[in-house]
Chemist: 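Right, I'll just put the structure down here and ask away after.
Computation of the quantities below employed the complete heavy-atom set of this structure, encompassing side-chain atoms and omitting hydrogens, waters and symmetry-equivalent molecules.
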Amino acid sequence: MEHKDIVDVIIIGGSYAGLSAAMALGRSLRSVIIIDDGAPCNRQTPHSHNFLTQDGQTPSEISALGKKQVLAYPSISWLTDRAIAAKRSVDALFTVKTKSGKSIQAKKIILATGIHDKLPDIEGFSACWGITAIHCPYCHGYEFRDEPTAILAQGERAMHLASLVRNLTPQLTIITGEKADFDAAQLAKLKKNNVSLVEQELTSISHQNGKIETLTFKNGDQLAVKALYAAVPFSQSSDLHQQLGCDENDLGYIKIDNFQKTNVPGVYACGDNSAMMRSVANAIYSGNLTGAMVNKELVDEQF
């Protein structure tokens with residue numbers, strides 16, 4: 001299949017969600033082009049967990065196997081590039097332009113573009129992100145069970161993480177970075193569960209190849225931990241959804257319905273860009289559902 005052809009579907013993003021959507025479409029004989037620039041958000045993560053049959057594999061091993069299996073379907077092709085522009089024309093076709101200058105048309109678009117973590121300006125944090133500075137107890141927590149652990153968060157988000165992480169280790173400290181925003185009932189709950197509280201600003205992380213050894217605070221105090229959970233803000237990795245007119249919800253995710261449809265006809269979204277549950281398993285599920293829904297829409301238009 002040549003890239004100049006009009007295809008059934010363009011999938012922007014070739015990680016877990018995009019590959020999963022492509023497999024469903026390939027098995028339905030749909031012509032698909034996956035556009036991916038090779039920079040997944042979990043590229044630093046050493047091992048992926050909580051995904052049946054692939055527990056403990058590296059993210060790159062999982063995606064490489066997925067890509068191999070998906071590209072075995074002859075109607076699917078892969079373009080290593082970055083999609084930079086997308087629009088819908090009056091004939092209901094979508095046109096996507098890439099950084100290298102290619103222009104591709106399709107009947108439907110699936111956005112599997114992921115999100116970008118906005119990491120705090122703390123020395124050593126970015127080097128540890130995805131290794132021992134982590135976001136999800138389900139994805140990473142078991143490996144740090146019973147180890148001294150900290151949570152960098154405030155208020156309700158800190159309480160939510162604390163309840164999950166305390167189940168995995170009794171050695172838990174919450175770092176708020178400023179005066180803690182907890183009510184009396186929350187403070188009592190933290191005390192009951194022996195969760196320590198540090199209201200000092202975290203300034204640096206000492207580590208060896210991303211493995212945390214010590215946290216250092218603005219007042220000079222230090223805390224030895226093996227893992228640091230952090231609730232970091234994010235932005236969308238691409239503005240293509242905005243170019244196409246897709247709405248975002250109040251949390252900054254692309255707004256979708258129960259069938260992965262955006263508010264723009266013919267445009268779907270899946271994976272981290274549209275779901276709070278951030279995991280390989282959820283990305284693959286949402287991609288699989290998206291592929292099926294896109295195929296159903298094409299079938300309904302043709303039958």
Chemist: Do Val294 and Ile110 have side chains that get closer than 4.5 Å, going by heavy atoms?
Modeler: yes
Chemist: Quick check on side-chain contact (heavy atoms from CB on, under 4.5 Å): which of Thr113, Asp37, Ile12 does Ser238 satisfy it with?
Modeler: Thr113
Chemist: Just verifying a value: how many Å separate Lys211 NZ and Lys226 NZ, rounded to the nearest 0.5 Å?
Modeler: 9.0 Å
Chemist: Ala22 and Ile34: which non-hydrogen atoms are nearest, and at how many Å?
Modeler: CB-CD1, 3.6 Å
Chemist: May I ask you to check whether over 12 heavy atoms, not counting those of Asn209, lie within 6.0 Å of atom CG?
Modeler: no
Chemist: Quick check: is Leu190 connected to Leu168 through a chain of hydrophobic side chains (ILVMFWY, heavy atoms under 4.5 Å apart)?
Modeler: yes
Chemist: Side chains of Met159 and Phe182, heavy atoms from C-beta outward: is any pair under 4.5 Å?
Modeler: yes
Chemist: Within a radius of less than 6.0 Å around CZ of Arg88, do more than 12 heavy atoms belonging to other residues, nucleotides or ligands occur?
Modeler: yes
Chemist: Which residues satisfy the side chain to side chain contact (heavy atoms under 4.5 Å, CB included) test with Leu289, sequence neighbours excluded?
Modeler: Gln260, Tyr285, Met293
Chemist: Using a strict 4.0 Å threshold on nitrogen-to-oxygen distance, state whether Lys255 and Asp247 make a salt bridge.
Modeler: no
Chemist: Would Val195 and Val225 show up in the same hydrophobic cluster when neighbours are defined by side-chain heavy atoms closer than 4.5 Å?
Modeler: no
Chemist: Does CG in Asp250 sit with more than 12 non-hydrogen atoms of other residues, nucleotides or ligands closer than 6.0 Å?
Modeler: no
Chemist: Could you tell me whether the side chain of Thr98 reaches within less than 4.5 Å of the side chain of Ile35, counting heavy atoms only?
Modeler: yes
Chemist: Under the side chain to side chain contact (heavy atoms under 4.5 Å, CB included) rule, what do Cys246 and Val267 come out as? Steps first, then yes or no, please.
Modeler: CA-CA 8 Å; Cys246 301; Val267 181; 3.7 Å; yes
Chemist: One thing to verify: whether Glu301 and Lys107 come together as a salt bridge, which I'm taking to mean a side-chain N less than 4.0 angstrom from a carboxylate O.
Modeler: no
Chemist: Show your reasoning for whether side-chain hydrogen bond (donor to acceptor under 3.5 Å, both in side chains) applies to Asp36 and Trp78.
Modeler: CA-CA 8 Å; Asp36 184 81; Trp78 180 280; 5.4 Å; no
Chemist: With a 6.0 Å cut-off on the ring centroids, do Phe234 and Tyr253 count as close?
Modeler: yes
Chemist: Where do Leu240 and Ala86 come nearest, in terms of heavy atoms and distance?
Modeler: CD2-N, 3.9 Å
Chemist: Under the 3.5 angstrom rule, does the side chain of Tyr16 hit a backbone N or O of Pro59 as a donor-acceptor pair?
Modeler: yes
Chemist: Donor-acceptor pair, Ser237 side chain versus Ile115 backbone, under 3.5 Å?
Modeler: yes
Chemist: When you measure from the side chain of Ser196 to the backbone N and O of Thr173, does any donor-acceptor pair fall under 3.5 Å?
Modeler: no
Chemist: Within the side chain of Glu248, is there an N or O that forms a donor-acceptor pair under 3.5 Å with the backbone of Ser274?
Modeler: no
Chemist: Keeping Glu61 on the side-chain end and Thr58 on the backbone end, is there a donor-acceptor pair under 3.5 Å?
Modeler: yes
Chemist: Can you confirm whether Tyr268 sits close enough to Ile109 that some side-chain heavy atom of one is under 4.5 Å from a side-chain heavy atom of the other?
Modeler: no
Chemist: Could you tell me which non-hydrogen atom of Gln243 sits nearest to which non-hydrogen atom of Ile84, and how far apart they are?
Modeler: NE2-O, 3.1 Å
Chemist: To the nearest 0.5 Å, tell me how far Gln171 CD sits from Arg166 CZ.
Modeler: 10.0 Å
Chemist: Supply the atom-to-atom distance Lys296 NZ to Phe259 CZ, rounded to the nearest 0.5 angstrom.
Modeler: 10.0 Å
Chemist: Taking the side chain as C-beta and beyond, is there a heavy-atom pair between Glu213 and His207 under 4.5 Å?
Modeler: no
Chemist: May I have the step-by-step check of side-chain hydrogen bond (donor to acceptor under 3.5 Å, both in side chains) for Thr169 and Asp146, ending in yes or no?
Modeler: CA-CA 4 Å; Thr169 177; Asp146 298 322; 5.3 Å; no
Chemist: Given 3.5 Å as the limit, does a donor-acceptor pair link the side chain of Thr132 with the main chain of Gly210, or not?
Modeler: yes
Chemist: Give a yes or no on whether the backbone of Ala17 and the side-chain of Ser20 come within a donor-acceptor separation of less than 3.5 Å.
Modeler: no
Chemist: Decide yes or no on side chain to side chain contact (heavy atoms under 4.5 Å, CB included) for Asp8 and Leu25, but give the supporting numbers first.
Modeler: CA-CA 9 Å; Asp8 289 323; Leu25 289 162; over 6 Å; no
Chemist: More than 12 foreign heavy atoms under 6.0 Å from CD of Glu123: is that the case here?
Modeler: no
Chemist: Under the side chain to side chain contact (heavy atoms under 4.5 Å, CB included) criterion, do Leu202 and Leu223 qualify, and how do the steps go?
Modeler: CA-CA 10 Å; Leu202 177 60; Leu223 179 67; over 6 Å; no
Chemist: Is Leu228 reachable from Tyr138 through a run of hydrophobic residues whose side-chain heavy atoms are each under 4.5 Å from the next?
Modeler: no
Chemist: Within this structure, what is the NZ-CD1 distance for the pair Lys108 and Ile10, rounded to the nearest 0.5 Å?
Modeler: 13.0 Å
Chemist: Is it true that, when you exclude Asp300 itself, more than 12 heavy atoms of the residues, nucleotides or ligands shown sit nearer than 6.0 Å to its CG?
Modeler: yes
Chemist: By side chain to side chain contact (heavy atoms under 4.5 Å, CB included), which residues pair with Asn219, not counting sequence neighbours?
Modeler: Gln200, Phe217, Asp221
Chemist: What are the two closest heavy atoms between Phe125 and Ala230, and how far apart are they?
Modeler: CZ-CB, 3.7 Å
Chemist: Same cluster or not: Trp129 versus Ile175, using hydrophobic residues (I, L, V, M, F, W, Y) connected whenever any side-chain heavy atoms lie under 4.5 Å apart?
Modeler: yes
Chemist: Hey, does Leu79 have a side-chain heavy atom less than 4.5 Å from the side chain of Ile104?
Modeler: yes
Chemist: Taking C-beta and beyond as the side chain, do Leu215 and Ile212 meet within less than 4.5 Å on heavy atoms?
Modeler: yes
Chemist: Roughly how far, to the nearest 0.5 Å, is the OG atom of Ser75 from the CZ atom of Arg27?
Modeler: 11.0 Å
Chemist: Could you walk me through whether Glu156 and Gln186 pass the side-chain hydrogen bond (donor to acceptor under 3.5 Å, both in side chains) check?
Modeler: CA-CA 9 Å; Glu156 288 293 340; Gln186 290 172 327; 3.0 Å; yes
Chemist: Rounded to the nearest 0.5 Å, what's the gap from OG on Ser235 to CG on Asn273? Could you check?
Modeler: 12.0 Å
Chemist: Do Ile174 and Ile134 land in one hydrophobic cluster if side-chain heavy atoms of ILVMFWY residues count as linked below 4.5 Å?
Modeler: yes
Chemist: Would you check, one step at a time, whether the test side chain to side chain contact (heavy atoms under 4.5 Å, CB included) holds for Gln69 with Met23?
Modeler: CA-CA 8 Å; Gln69 292 178 346; Met23 179 170 282; 4.0 Å; yes
Chemist: Using every non-hydrogen atom in the two residues, find where Leu244 and Val264 come nearest and quote the distance to one decimal.
Modeler: O-CG2, 3.4 Å
Chemist: Applying salt bridge (charged side-chain N to carboxylate O under 4.0 Å, His left out) to Arg278 and Asp117, what does each step give before you reach the verdict?
Modeler: CA-CA 12 Å; Arg278 190 175 178 185; Asp117 295 306; 2.7 Å; yes
Chemist: Verify the distance criterion only: is there a donor paired with an acceptor across the side chains of Thr216 and Gln222 at less than 3.5 Å?
Modeler: yes
Chemist: Is there a side-chain contact between Glu199 and Thr176 in this structure, where contact means two heavy atoms from C-beta onward sitting under 4.5 Å apart?
Modeler: yes
Chemist: Give the minimum heavy-atom separation between Asn263 and Pro265, together with the two atoms involved.
Modeler: O-CD, 3.6 Å
